[in-house]
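Naming: A, B, ... by sequence-line order, numbering from 1 per chain.
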Amino acid sequence: LAKTTQPISMDSYEGQEVNITCSHNNIATNDYITWYQQFPSQGPRFIIQGYKTKVTNEVASLFIPADRKSSTLSLPRVSLSDTAVYYCLVGYPSNSGYALNFGKGTSLLVT
Amino acid sequence: GAVVSQHPSRVICKSGTSVKIECRSLDFQATTMFWYRQFPKQSLMLMATSNEGSKATYEQGVEKDKFLINHASLTLSTLTVTSAHPEDSSFYICSARDSRGARNEQFFGPGTRLTVL
């Protein structure tokens with residue numbers, strides 16, 4: 001599984017856009033990039049997944065450059081409730097499911 | 001979206017006892033489920049992959065005789081911590097993948113907080 005590197009922590013104010021970048025230099029051709037959010041004492045929650053270019057859903061956008069060696073999770077207009085740990089994961093979703101290799105994650109504090 | 005439940009949500013036990021944690025996929029079938037462990041202020045660490053109808057696959061360093069996994073049906077996997085000790089106190093989380101969707105995302109349970117006295 002490809003290793004990922006993210007900032008340990010980030011601070012932001014309510015209403016701002018937050019961009020969290022993840023490096024994954026050894027990403028394989030078949031790997032997808034997935035971001036999860038985790039609140040204290042809860043299981044992680046899926047945010048967004050992408051393979052290349054840009055993906056957008058109701059809560060976030062994911063930007064992936066052409067070389068796919070990094071990706072950026074963009075959270076528009078964050079609120080206090082977005083304070084959580086955000087994990088970037090890289091892996092290949094096979095038919096049987098694939099184990100997720102969680103890195104240290106980015107602890108986002110919104111005030 | 002798909003829902004995964006865990007039971008119990010919190011358990012306190014005495015050292016030396018065994019504790020069973022259940023993981024259920026409520027509205028989908030999962031041939032594969034995963035068990036993770038998370039210590040305070042640390043990331044999730046994969047313990048084992050649970051396969052329906054066959055033996056679980058354990059990660060390096062995880063004792064299979066201590067952490068017994070049974071995946072008897074397509075909607076239920078259980079993790080039994082045998083002869084628990086205080087160092088086994090942790091947050092245990094399971095996940096399952098819903099193969100119906102195109103996103104191939106994994107759904108996580110709410111976790112079980114185990115405290116061994």
Mind checking whether B:Ile93 and A:Pro44 have side chains closer than 4.5 Å, heavy atoms only?
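B:Ile93 vs A:Pro44: side chains touch.
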Using modelled atom types and a 3.5 Å cut-off, is there a donor and acceptor pairing between side-chain atoms of B:Tyr36 and backbone atoms of A:Gly43?
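Such a contact is absent between B:Tyr36 side chain and A:Gly43 backbone.
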Which residues pass the side-chain contact (heavy atoms from CB on, under 4.5 Å) test with B:Lys55, not counting sequence neighbours?
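Checked B:Lys55 against side-chain contact (heavy atoms from CB on, under 4.5 Å); zero matches.
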Taking atom NZ of B:Lys64 as the centre, does the number of heavy atoms from other residues, nucleotides or ligands within less than 6.0 Å exceed 12?
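No, because the 6.0 Å sphere around NZ of B:Lys64 holds 12 heavy atoms or fewer from other groups.
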Tell me, yes or no, whether the heavy-atom count around B:His7 atom NE2, taken from other residues, nucleotides or ligands under 6.0 Å, exceeds 12.
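No, not enclosed.
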Would you name the heavy atoms of A:Gln38 and B:Phe91 that are closest together and state the gap between them?
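What the structure gives for the nearest pair is NE2-CE2, 4.5 Å.
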Minimum heavy-atom separation for A:Tyr87 to B:Gln42, with atom names?
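Smallest interatomic distance, heavy atoms only, reads OH-O, 4.1 Å.
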Cluster question for you: counting only ILVMFWY and a side-chain heavy-atom cut-off of under 4.5 Å, with indirect links fine, are [X] and [Y] together?
X       : Y        : result
B:Val11 : B:Phe67  : yes
A:Phe63 : A:Leu108 : no
B:Phe34 : B:Leu79  : no

Is it the backbone or the side chain of B:Gln38 that comes under 4.5 Å from a heavy atom of chain A, or both, or neither?
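Only the side chain of B:Gln38 comes within 4.5 Å of chain A.
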Can you tell me which portion of B:Leu44 sits under 4.5 Å from chain A's heavy atoms? Options are side chain, backbone, both or neither.
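Its backbone and side chain both get close to chain A.
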A:Ser41 portion near chain B, given a 4.5 angstrom heavy-atom threshold
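For A:Ser41, heavy atoms of backbone and side chain both lie under 4.5 Å from chain B.
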B:Phe108 and A:Phe102: aromatic ring centres closer than 6.0 Å?
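Aromatic pair counts; centres sit under 6.0 Å.
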